[in-house]
Amino acid sequence: MKAECYLQNLLQKIVEEKKWAWPEKVSIEPPNDKQYGDLAVNLAMLLTKEAQMPPRQIAEGLAQAIHAQDKGYIEKIEIAGPGFLNFTFSQNFWLSILSEVHELGKAYGSSELGKGTRVQIEYVSANPTGPLHIGHGRGAALGDSLSRILEKTGFEVECEYYINDAGRQMHILGESILYRLRQALGHKPQKPKEYYQGEYIQHIGAVVIAQYEDILDMDEAKAIEICKNIGMKSILQTIREDLQAFGVRHDIWFSEKSLVEEGKVDETFADLQKSGLAYEQDNAFWFKATQFGDDKDRVLRKSNGDTTYFASDIAYHDNKFKRGFDLVVDIWGADHHGYVPRMSAAVEALGHSGELKMLLVKLVNLIENGVQISMSTRAGKFETLKDVLDEVGSDAARFIFLSRKSDSNLDFDLNLVKQKSMDNPVYYVQYAHARICSMLRKAEAEGHAPANISHNLCDLDTPDDRELLLLLDQFPNTVESAARNLSPHMVSYYLQTLASSLHKYYTNNHVLSADPQRCRARLFLLKCVAEVLASGLSLLGVNAPESM
RNA sequence: GGGUCAGUAGCUCAGUUGGAUAGAGCAUCGGCCUUCUAAGCCGACGGUCGAGGGUUCGAAUCCUUCCUGACCCGCCA
C-alpha cells in the first residue's frame, strides 16, 4: 500500500512533467513468488496511448526519470517486457513498514475512508416465530464482521435488527401455540391451516398456561393475542441470547409494530401520493414502481384494508433515511432477491440523498456425514444456530461463514468444521498466531528480548523476511478493499495468506538459534505479524488464541 | 416466458473491478520431526476460465448469442 502510493506519486509527477495526460489507470502489481519484494508497474496504456514512441525507449526514459526523483527508496528498476517496469525497493523502505505497524499497534490498518459517513447495517431480522437457524448465522456473521470492517475504515456504524412483529406470521404463531396448548390439555382442537410445529411451541404453551390458567375459557381472538405476545417475547429472548453467544451486536431493535402504530406507514403513503407516485385502483392503493424500472406496480394497501409487507418496508426505509444515514445496508436471504428492484424503486421514489445497498446471502447447505440436512421452520425441522455453535464453536462457524463471498452457495460440513485439523482454515490462522506467542514466551524465558524500532533491523533481508514485510504492508489495503466491496471474505483470504507465509517462515528459519542481533530483529518482525493476525481476526469476530 | 446471480484443476472456491506464464485449500502421489507447537513445511500431479462471436496493444473480467444450474416472478410475509 505504502509502496503503491509512493510509486503512484512519483509517476504522476513525471507524467506531468512530460505533459502527458495521466492515464485512467496505471496498475501496480504486487510481486509474485519469484520477485519477492518487487513491485511492478504496468505502463502499457501510457506507452501506447499517450507517448508515440517505441515502448522500450519510453520505458528507459521513465526509469531514468524515476530514478532521479526517488528519495532512496528504490534500489533497482528493470524493464520487463513491453509496458512493464519492475521496481525493487530498498531495505530502508521495507523497514519503515515495521515502524508503522509498531507505532500504530491495534490501529494499524485503520483509515479515514469512511470519515463523516453514517452507515446503518440491518441484518438477521428473522421473524420472531422460531429459533435462528444456520442460514441466519451466516447473515449474522456477515453483518457483524462488516460493521467491524467499516468502523475500522472510519465509518460511523449503527447495527439494527428489524422485528417483524405486525404481520400475519405472528398471528399464525399465536394460533400454533394455542393449538398445541389445547392438545396438551387433552382437547382435540381443529388443526390450523398453517402452523409452526417445532417443539419450542409446546414449551411456550406451558409458559402461557402458567400465567393464564383460564386461557381456554377466553374469547378465541383474545387467547391468540395472548399466546402471540408471550410467544414473541420468549422467542425474541432466545434470539437475543443466541446472537450474544455468537458475539453479534445490534445497537437497535426496531419494531415494525411501532412503525404502524405511530402512523408512519400512513405518512409515507401520503408523501407518495402527494408526489404522484401512488394511486388508487380496484379499491387498492398502488405504488408506481414501473416508473423506477420495476416490472409492475406494487400494492401497498389491499382492497380488504390491510397494508402489505412492502408498505411497512417502505415506511421503514423512509424512516431509516430520515434518521440521516448516508448509506443503508440491508442483508437479506437470497430468496428475497426478487424483492430488490421494488425496494430500490421505492427508495428512489422517496427521494432521499442516501444510498441503499442490499447484500444477498445465499443458503447454507448443512452437511453431516456427506448428506445434506434439509431445513424448514414451518415443519420444525432445522439445525438451529445454537446447536451448531455448541458443536463447532463460534470461531470455526464464523470463519467458515466468512470464507466465501456472501452471494455464493456455502457448504457447511459439520464433520469438517468440527475437525481440529489442517482441513480447517480457522485453526490454520489461529495456529499461526499461537505459534508466534509461544515463541515470544520462550524467547522471554531464555532472555531474548525482541528488538524495538530504534534497533538495527538490517538483518531482515532474506526473501522470507521480505515476504512477511510485504504482506504486512498490504493489510491496510486489504481492509479498505473489504470495506469498499462490503466483502469480509477478502480479509479471510488475506489472513490465510499471511498465516501461510508465517508457517513457512517458521519452518525455514529457526529464530531463537540465530545470532543475537538477527534473533532480536526477527522476534520484532514476528511480533508485528502476530499483531496484524490478531487485528485481522478481530475484524471477523474470531479470537486469536495465545496458545493452542 | 421474463428477471437476478452463478458456471474457473477430480471436489470446494479466490482472482484487488481490463494487465505479465490464471491462483489457494481438499483429494492423490513422494519427501521433512534429537532444536522455537508436524493443527506445520517442501515437491509432483492437475486448466479449451461453460460454448461461439465481438470490443483492443491485452479479456476469466466488458458487449452479444446460445447451453447448464440455483433462486424469484401474489392484493403472501
Side-chain angles (χ1 to χ4, degrees), chain A residues 24-27 29-30 32-35 40 42-45 47-49 55 80-84 86 127 129 164 166-170 172 282-286 294-296 298-310 312-313 333-341 360 362-363 403-405 407-411 413 416 419-428 430-432 434-443 446 448 474 477-478 480-482 484-485 487 489-490 492-494 496-497 499-500 502-514 519 523 526 547-548:
Chain A
E24 274 176 30
K25 189 183 170 192
V26 169
S27 64
E29 305 285 308
N32 59 35
D33 297 342
K34 285 168 199 151
Q35 313 163 297
N42 184 333
L43 300 159
M45 282 180 71
L47 295 173
T48 55
K49 296 240 160 108
F84 281 93
N86 283 348
N127 289 350
T129 54
N164 290 116
R168 202 171 65 92
Q169 294 304 323
M170 296 314 299
I172 296 175
D282 301 334
N283 250 344
F285 190 65
W286 299 73
D294 199 3
D295 301 342
K296 46 177 119 174
R298 305 291 174 176
V299 171
L300 296 176
R301 192 192 306 110
K302 302 183 251 180
S303 50
N304 69 5
D306 290 348
T307 54
T308 60
Y309 176 81
F310 181 47
S312 48
D313 236 14
D335 53 335
H336 286 71
H337 79 260
Y339 196 71
V340 169
L360 299 176
K362 279 210 180 165
L363 274 181
S403 65
R404 300 264 185 275
K405 275 189 307 207
D407 62 353
S408 68
N409 290 313
L410 178 68
D411 286 336
D413 188 326
L416 204 81
Q419 259 178 51
K420 302 196 170 183
S421 75
M422 52 189 182
D423 296 357
N424 196 334
V426 195
Y427 297 107
Y428 186 81
Q430 289 185 322
Y431 184 45
R435 260 186 156 171
I436 297 175
C437 292
S438 159
M439 193 192 303
L440 291 172
R441 277 193 301 270
K442 176 135 187 168
E446 291 180 3
H448 303 280
Q474 284 170 1
N477 199 21
T478 304
E480 276 203 20
S481 280
R484 265 201 205 93
N485 297 297
S487 300
H489 78 274
M490 289 179 167
S492 159
Y493 272 86
Y494 169 81
Q496 291 182 61
T497 311
S500 167
L502 182 276
H503 287 310
K504 185 172 137 193
Y505 191 91
Y506 183 92
T507 308
N508 291 347
N509 306 283
H510 198 274
V511 173
L512 295 184
S513 59
C519 169
L523 286 171
L526 293 181
S547 66
M548 287 172 78

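Note on naming: letters A, B, ... go to the chains in the order of the sequence lines (proteins, then strands), and numbering restarts at 1 for each one.
For A/Y431, taking side-chain heavy atoms from C-beta onward, the closest of the listed nucleotides B/rG15, B/rU37, B/rC41 is B/rU37.
B/rC63 and B/rC41 are spaced 39 Å apart, taking the P atom of each and rounding to whole Å. The same atom, C1', is picked in B/rG15 and in B/rG23; the two are 7 Å apart, to the nearest Å.
Remark: of the listed residues A/L300, A/T308, A/T307, A/V299, A/L300 is the sole one forming a side-chain contact (heavy atoms from CB on, under 4.5 Å) with A/F285. Remark: of the listed residues A/L502, A/N509, A/L440, A/L502 is the sole one forming a side-chain contact (heavy atoms from CB on, under 4.5 Å) with A/L526.
Within 90° of 0 lies the glycosidic angle of B/rC33, which makes this nucleotide syn. Nucleotide B/rU17 carries a syn base; the chi torsion (O4'-C1'-N9-C4 or O4'-C1'-N1-C2) is within 90° of 0.
Shown here are the side-chain hydrogen bond (donor to acceptor under 3.5 Å, both in side chains) partners of A/R484, two or more places apart in sequence or in another chain: A/E480. With sequence neighbours left out, A/H510 forms a ring-ring contact (aromatic ring centres under 6.0 Å, His included) with no residue at all. A/N508 pairs by the side-chain contact (heavy atoms from CB on, under 4.5 Å) definition with A/D464, A/K504, not counting sequence neighbours. A/F310 meets the ring-ring contact (aromatic ring centres under 6.0 Å, His included) test with A/Y339; sequence neighbours excluded.
The aromatic ring of A/H510 sits over the base of B/rU35, with ring centres less than 5.5 Å apart and planes inclined by under 30°.
An OP1 or OP2 oxygen of B/rU37 is reached within less than 4.0 angstrom by a side-chain nitrogen or oxygen of A/S438. Of the side-chain N and O atoms in A/Y506, none sit less than 4.0 angstrom from OP1 or OP2 of B/rA39. Distances shown here put a side-chain N or O of A/R435 below 4.0 Å from the OP1 or OP2 atom of B/rA38. Taking 4.0 angstrom as the limit, A/K405 places a side-chain polar atom (N or O) nearer than this to OP1 or OP2 of B/rG15. At B/rG7, none of the side-chain N or O atoms of A/S408 fall inside 4.0 Å of OP1 or OP2 (strictly under the cut-off).
Listed for the A/N304 side chain is a donor-acceptor partner under 3.5 Å among the backbone atoms of A/D306.
Two residues, A/N508 and A/D407, neighbour RNA chain B, and the one matched to the more 5' nucleotide by heavy-atom proximity is A/D407. The residue among A/A499 and A/L360 whose nearest nucleotide of RNA chain B is located toward the 5' end is A/L360.
Across the protein-nucleic acid pair, A/M548 atom CE and B/rG40 atom C1' stand 12 Å apart, rounded to whole Å. Distance A/L502 CG to B/rA38 P: 12 Å, rounded to the nearest Å. Atom P of nucleotide B/rA38 and atom OH of A/Y428 are separated by 13 Å, given to the nearest angstrom. Separating the NE2 atom of A/H489 from the P atom of B/rA24 is a distance of 17 Å, rounded to the nearest angstrom. Atom CG in A/L410 sits roughly 16 Å away from atom C1' in B/rC5 (whole-Å rounding).
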Subject >> Nucleotide-resolved protein contact map, nucleotides 70-77 of chain B, B/S/- at heavy-atom distance under 4.0 Å >> reply: -BSS-BSB
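Base-pairing analysis of RNA chain B finds the following stems of at least three consecutive Watson-Crick or G-U pairs, with both pairing distances under 3.5 Å: B:1-7 with B:67-73, B:10-13 with B:23-26, B:28-32 with B:40-44, B:50-54 with B:62-66.
Using a 4.5 Å cut-off on side-chain heavy atoms (C-beta onward), A/V511 and A/Y505 make contact.
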